[in-house]
Amino acid sequence: MPVTPCFDPTTGSSGGGPPAVSASLYNLTPEIIDLTDGSWTLEDPDSLVDTVSFAAGFNTVTWNALAVGSADYRWASGTVVRAPRWYKDLQINGNAITNGDYLIQMVRTELDATVNDFFQRIVCGTCLDPTSTDTTVIDGMYGTVSKNTGGNPIYGVVANNAVQSNGGATLVASNATIARGYTSMGTGMYINIDATDTATHTASRNGLNASGAAASTTVKLLVGVGTGGNTTTVAAGNQQRFKVSIVNLTTDSGA
Amino acid sequence: MPAIHVDQSQITVSDVSIEDTDGSHIDTEAFIIPVVIPLSEMGTYLDPAFYDPDASASPTAADSRKIARAVLDALKKAAEE
């Protein structure tokens with residue numbers, strides 16, 4: 001038999017108390033990622049980043065020359081990735097998040113498609129070892145966007161080294177939600193949106209289960225830039241410009 | 001012939017960058033069709049009497065046709081939606 005509240009325990013009035021309210025989870029303000037704020041470390045195995053700047057919410061990465069294209073500079077191909085990436089510990093209110101925690105990360109990615117210098121990709125999300133060039137060690141799950149110079153932006157998610165995504169001329173951004181934890185890479189889903197904040201595509205991609213990393217391994221935030229094709233080259237001075245924002249949540253796994 | 005199904009509502013069209021069964025990398029825009037093989041049928045599917053990868057005529061034409069038709073019917077329906 002259900003229990004029916006008959007009085008408000010605080011005021012004593014009849015009919016029970018007010019509905020339970022979650023005090024802090026409505027309309028959370030995302031953190032806009034500023035790669036120049038001093039909190040990020042650049043891992044750039046082949047010294048491809050010349051400069052990075054931040055203005056009006058957008059990061060602009062200026063490249064050194066990449067004379068010979070390779071799948072190694074793609075975030076969605078093969079098991080080696082040597083593309084530049086920025087990283088830092090993922091903390092929530094000063095608490096380091098670990099591989100064993102249950103983490104929900106919302107990533108909004110927006111590419112400035114007018115900066116169209118080469119076949120490019122951006123990733124932003126979580127990983128375990130951003131200093132590695134082995135995708136299975138990096139253990140990443142990301143929101144992503146790619147764009148060829150003659151094509152439309154294509155938004156979606158990258159799980160480890162595989163992408164699922166949808167493109168179109170009207171796309172302006174994508175909201176990806178990554179669920180990872182209990183030592184798994186987890187799963188990423190996305191809703192791509194147009195300029196009217198109307199969904200154009202939804203889809204998801206599963207990651208890998210246990211990577212072998214300990215539950216105590218700290219989770220890192222990673223923002224990566226790179227190329228979109230195996231033979232894509234980059235001229236010195238070419239740029240990528242993008243805005244990414246994140247919200248991170250954990251729950252008490254024992255609750 | 002063991003059962004084979006397709007999860008029709010979960011067919012999507014996406015740009016994929018994936019690894020095929022043989023290890024080759026594929027970058028393409030594609031229909032993604034989830035094929036559903038009941039665990040209870042796995043023994044039959046993996047029995048060499050049903051499928052021998054070293055035998056060019058395996059599986060039989062009838063079994064091959066049933067598997068192919070499941071996928072092709074799903075593709076046809078998805079393409080017409």
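Letters A, B, ... are given to chains in the order of the sequence lines, protein chains preceding strands, and every chain is numbered from 1. Heavy-atom basis, side chains included; hydrogens, waters and symmetry copies ignored.
- The aromatic ring centres of A:W40 and A:Y87 sit 6.0 Å or more apart.
- Taking non-hydrogen atoms and a 4.5 Å limit, the residue list of residues 152-161 of chain A in contact with chain B, ordered by number, reads A:I154, A:N161.
- Contact check on A:D112 versus A:K147 returns no salt bridge, with no Lys/Arg side-chain nitrogen under 4.0 Å from an Asp/Glu carboxylate oxygen.
- With hydrogens and angles ignored, the 3.5 Å screen pairs no side-chain donor or acceptor of B:D7 with any backbone N or O of B:P34.
- A:L111 is listed as a side-chain neighbour of A:I122, based on a closest heavy-atom distance under 4.5 Å.
- In this pair, A:Y182 and A:Y102 present their aromatic rings parallel. The plane angle is below 30°, not in the 30 to 60° band.
- If you measure heavy-atom distances from B:I26 to chain A, you find no contacts under 4.5 Å at all.
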Item to check | Steps toward ring-ring contact (aromatic ring centres under 6.0 Å, His included) verdict (B:Y45, B:F50) | outcome: CA-CA 6 Å; B:Y45 271 109; B:F50 178 82; 5.2 Å; yes
